[in-house]
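Along the sequence shown, residues carry numbers from 1.
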Amino acid sequence: MSLAVVLVEPAGPLNVGSVARLCANFQVAELRLVAPRCDHLGAEARLMAVHAEGLLERARIFPTLAAALADCARVVATSGRVEPEGLPLSGHEAALGWLQPVFRDPSAQGALVFGREDRGLTNQELLQVGRVLRLNSAEAYPSLNLSHAVAICLHALQQPLPAPPETAEPCSRGELEAALADAEALLLEVGFLYPHTAEARLGKVRALLQRAQVRGPEVALLRGMVRQLRWATQRQSP
């Protein structure tokens, strides 16, 4: 299966070791860590990994979530917040059912993203995924232990889930982020964006493109338009 479990800034080595064991339990071959705040190869992590030490040793380390997701087309993240900005929350059947096709297509790469133990994922990080999943925990105390949340999601992914409406495969995160970087540079040049508001305004564009589930050819068209507009504006400059 072409699924990676991605942990963003994990701080607890016991949690990381437990997640490695869960990946082995559910035949997930890849663990990705974004700027880990603990020693994922230390004694505590190895203790909890039990027979999954090899998976810990093969874990890939990334500086940012964007880098960790660059090759992924279908990305689901969990959030304990009731209303993350820009993207609607999905139930486990809708979100995980959308992710399941990566199991059937070895050429597709997907990711299941989990945030920091103490504060989860930021709004900007949630805008980098295709679906936001909120597990059905109590409203009074929705936050789950990291390894428990991973266990629930990986177990659910093994079950038959309603197939979502057939849609074309979305573009990879790397393609979309590159297009947005081009667009941001141009919009700053022409004065549509300002440095102090660019992140917030571009976040709305990112959310729009995420909801639309744009495909690779559509992103290529967008980048071509941006580059042509930049060429035209530079040509007209005195």
Side-chain angles (χ1 to χ4, degrees), residues 1-79 95-96 98-122 125-126 128-131 133 135 144-159 169-178:
M1 65 178 66
S2 302
L3 177 71
V5 168
V6 181
L7 306 183
V8 177
E9 295 186 11
L14 298 176
N15 272 332
V16 176
S18 297
V19 170
R21 179 176 181 174
L22 286 165
C23 288
N25 290 150
F26 293 102
Q27 297 182 299
V28 174
E30 188 173 8
L31 177 62
R32 301 183 182 186
L33 306 177
V34 177
R37 295 181 288 171
C38 65
D39 182 4
H40 72 286
L41 295 175
E44 290 183 310
R46 291 179 184 276
L47 174 68
M48 297 304 293
V50 190
H51 299 299
E53 284 191 48
L55 206 149
L56 273 181
E57 292 164 358
R58 294 191 304 273
R60 298 172 63 189
I61 310 298
F62 295 87
T64 64
L65 181 59
L69 300 179
D71 62 336
C72 298
R74 295 180 184 247
V75 181
V76 172
T78 60
S79 175
L96 299 180
W98 178 75
L99 186 61
Q100 266 192 342
V102 302
F103 296 160
R104 299 191 296 269
D105 182 358
S107 67
Q109 178 66 54
L112 193 54
V113 181
F114 299 87
R116 304 158 187 82
E117 291 99 326
D118 55 348
R119 53 193 171 90
L121 296 166
T122 67
E125 288 165 341
L126 288 172
Q128 296 179 46
V129 310
R131 297 285 188 278
L133 166 63
L135 298 173
L144 293 167
N145 172 270
L146 173 60
S147 64
H148 295 175
V150 175
I152 291 170
C153 291
L154 292 183
H155 178 267
L157 272 171
Q158 308 301 312
Q159 314 308 311
E169 190 66 12
C171 68
S172 72
R173 286 298 322 171
E175 291 176 291
L176 182 56
E177 291 300 325

* Structure fact -> What one should report as the nearest heavy-atom pair of Leu126 and Ala77 is CD2-CB, 4.2 Å
* Close side-chain approach of Leu3 and Glu30, heavy atoms under 4.5 Å -> no
* For residues Ala68 and Val34, report the shortest heavy-atom separation together with the two atoms involved. => CB-CG2, 3.8 Å
* Thr64 OG1 to Gln128 CD distance, which is reported to the nearest 0.5 Å -> 7.0 Å
* **Contact check, side chains of Leu135 and Cys153, non-hydrogen atoms, under 4.5 Å** => yes
* Asked: Is there a donor-acceptor pair closer than 3.5 Å between any side-chain N or O of Gln100 and the backbone N or O of Leu157?
  -> yes
* Among Val76, Thr78, Leu133, Leu65, which residue meets the side-chain contact (heavy atoms from CB on, under 4.5 Å) test with Val113? -> Leu65
* Asn15 vs Val150 side-chain heavy atoms within contact, under 4.5 Å -> no
* Output the distance between atom CD (Glu44) and atom CG (Asp39), rounded to the nearest 0.5 Å. => 9.5 Å
* Structure fact -> The single option from Pro13, Ser147, Ser18 that satisfies side-chain contact (heavy atoms from CB on, under 4.5 Å) with Met48 is Ser18
* Test item: Gln109 and Arg173 side chains (from C-beta on) under 4.5 Å apart, heavy atoms -> no
* Asked: Got a donor-acceptor contact below 3.5 angstrom from the Ser2 side chain to the Ala108 backbone?
  -> yes
* Asked: So do the side chains of Val5 and Leu154 get within less than 4.5 Å of each other, counting heavy atoms only?
  -> yes
* What is the minimum heavy-atom distance between Trp98 and Arg74, and which atoms define it? -> O-NH1, 2.8 Å
* **CZ/Arg46: more than 12 non-hydrogen atoms of other groups inside 6.0 Å** => yes
* Asked: Judged by atom type as modelled, is there a donor-acceptor pair below 3.5 Å linking the side chain of Glu177 to the main-chain atoms of Ala70?
  -> no
* Asked: Is Leu112 close to Leu96 at the side-chain level, that is, under 4.5 Å between some pair of heavy atoms?
  -> yes
* What's the spacing between Ser172 OG and Asp71 CG if we round to 0.5 Å? -> 7.5 Å
* Asked: If you take all heavy atoms of Leu33 and Pro10, which pair is closest and at what distance?
  -> CD2-CG, 4.2 Å
* Asked: Say you draw a straight line from CZ of Arg32 to CG of Leu69; how long is it, rounded to the nearest 0.5 Å?
  -> 7.5 Å
* To do: Work out which heavy atom in His40 is nearest to a heavy atom in Val16; give both atom names and the distance.
  => CB-CG1, 3.9 Å
* Structure fact -> Heavy-atom nearest pair, Cys38 first then Gly12, reads SG-C, 3.9 Å
* Give, for atom CG of Leu31 and atom CG of Leu56, the distance between the pair rounded to the nearest 0.5 Å. => 7.0 Å
* Structure fact -> Value for CD (Glu53) from CZ (Arg21), rounded to nearest 0.5 Å, stands at 12.0 Å
